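Contents: one structure, followed by commentary.
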Amino acid sequence: MSGPIKVLLGVLLGLVVGMACHQFWTPSAWQSVGVGDARAFMAGAVNPANADATLAAQGVRFVIRVNALIGDAFVRALRFIAVPLVLFSLIAGVASLGGVGGGAGGGRGGAGGLRALGRVGGRTLGLFAVTTVIAITLGLVLANVIAPGRAVSEATRAGLAEANASAVSERVAQAERAAADVSVWRLLLNVVPTNPFDSLARGDMLQVIVLAVLVGAALLLLISREQNKADAEGGSGGDDHAALPGLSAVTIARACEALGVVFITIGGWILRLAPIGVFCLMARTSADVGPEVVRGLAALCGVVVLGLAIHMLFVYGLLAVGVARLSVRRAALGLLPAQAVAFSSSSSAATLPVTIRCVRDNLGVRERVASFVCPLGATVNMDGTALYQAVCAIFIAQVYGIELSIGQQILIVLMTTLSSVGAPGIPGGGIVMFITVMQAVGLPMEGLAMILAVDRVLDMVRTVVNVTGDAVVAAVIDRWEPGDESMANAGR
Ligand code: ASP
């Protein structure tokens, strides 16, 4: 059985097991093994209601804890390699734009290499912006046409408002803390690192990218100087002509490349555990959430999923097959492992090492393009989140009978774009940013109670779209880049 199929099987099995647990392991099942307060029992807190807990109850708790441990360890392991992987591969990738170090390029020299970097960066950001605006527009059109908000009964609204009141105030407080970071100026300022080691330690991906690009660009320039000097002296170049004997810019670029490969190898080991990791994550989420959360808000979920599916099929499908010239089979199957991890972890940041691997190994994208586009995308490109927020904004307005003018809808486009750029690639990262959209458009905060009810489930689906978008843009950018080591352009 191939790797992607095993990972997919992990997701499906986890879903089935989790749903079965949700269905059958109810409070009365806990009571039958002597547990009156399951929450306290699971937390290990003392509660007289659990005084009669039997050995079977301890066993169930043990299994649940082991399951959580494996799932969390898998996500932590992925996050552990993300920062060094991006740092080293990107430094090597940028340095290789001159034709040395990473082995790519073709002797373009320092200025040519920097131009290539500007071109890749500009095209990537441009494509991210275009796909995001298409996603938001699609969300707005579907939400206006289908009007999911009209399907919500007054009873459902009141019930959800009561059930989620405390969650709403918690998220609003979080959003208020984050609000200062959401202005365009703040977002731009945050791109500049004040201390590169601090950026690495905090895992601030945007700052890590800036750091890697700067170091790579400096190496690129130094390498071309070393080459020019070597050529002028008629020597062979390399270490003999370095500022420090034995340590040239080429050596450093090659060392970074080798370190990148080291972390890719570690990533390969972690990925072997992916079927088990995604099984554990899926089982836990579906056991916690269960199918009934969707009831009452089925119309909202339907519109979001429909929009995400259309975006995946038509926008990404067209880009992947029509522009990047991937075969349909390769485009459909190549990203399965990344999509399965995204679905079960709800985190594009945690999925990043898997995304880079799939894009490189399965879609044939060059290393330097993959290690530039994917981390940048995981941080700033979230089409799924943007579409979801656009639908939710219209949905809340419809539930509360608020007519949104065209001006307000344009404001939604601007705010959701900004909010999807600022949203962290973690579970629930989008919902906190969504509050700033609600505030800007003037939507009632109680509306959040409804969204929160289904946010966990829809987070899984939109994260798949976020990750797929990064991968497809990487394939397109690779296609547009002049080919040298064009494994990318051959045999797609
Ligand atoms: N969970 C999403 C991601 O990591 C972000 C969000 O929409 O909440 O891509």
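Only a predicted model underlies this, so the values are computations on that prediction, with no experimental measurement involved. All ligand and atom numbering here is 1-based and tracks the order in the structure.
Around the CZ atom of Arg76, the shell of radius 6.0 Å holds no more than 12 heavy atoms that belong to other residues, nucleotides or ligands.
Among the atoms of Ile431, none of the N or O lies under 3.5 angstrom from an N or O of ligand 1. Considering both main-chain and side-chain atoms, Ile426 comes within under 3.5 Å of ligand 1 through a nitrogen or oxygen pair.
The Thr385 neighbourhood of ligand 1 comprises atoms 5 (C), 6 (C), 7 (O), with distances under 4.0 Å to a heavy atom of that residue. Taking every heavy atom of Gly428 and a limit of under 4.0 angstrom, the matching atoms of ligand 1 come to 8 (O). Residue Arg462 approaches ligand 1 through these ligand atoms, each under 4.0 Å from one of its heavy atoms: 6 (C), 7 (O), 8 (O). Residue Ser346 approaches ligand 1 through these ligand atoms, each under 4.0 Å from one of its heavy atoms: 1 (N), 4 (O).
A pairwise comparison of heavy atoms in Ala338 and Thr351 identifies O-CG2, 3.3 Å as the closest pair. Between Asn381 and Gly469 the shortest heavy-atom distance is ND2-C, 3.9 Å.
Of the heavy atoms in Ser348, both backbone and side-chain atoms come closer than 4.0 Å to ligand 1. In Val467, neither the side chain nor the backbone holds a heavy atom less than 4.0 Å from any atom of ligand 1.
Given atom 8 (O) of ligand 1, the protein heavy atom at minimum distance is Gly430 N, 2.7 Å. Protein heavy atom nearest atom 1 (N) of ligand 1, with residue, atom name and distance: Asp459 OD1, 2.7 Å. Scanning all protein heavy atoms for the shortest distance to atom 2 (C) of ligand 1 gives Thr463 OG1, 3.3 Å.
Atom CG of residue Leu306 and atom NE2 of residue His311 lie 13.0 Å apart, to the nearest 0.5 angstrom.
Note on Asp455 versus Arg462: salt bridge recorded, some NZ/NE/NH1/NH2 to OD/OE distance being below 4.0 Å.
Side chains of Ser346 and Arg456: a donor-acceptor N/O pair is present below 3.5 angstrom, by distance only. A donor-acceptor contact closer than 3.5 angstrom is absent between the side chains of Gln389 and Ser420.
Residue Ser347 places a heavy atom under 4.0 Å from ligand 1.
The residue from Asn466, Thr468, Thr132 that alone fulfils the side chain to side chain donor-acceptor pair (under 3.5 Å) condition with Asp383 is Thr132.
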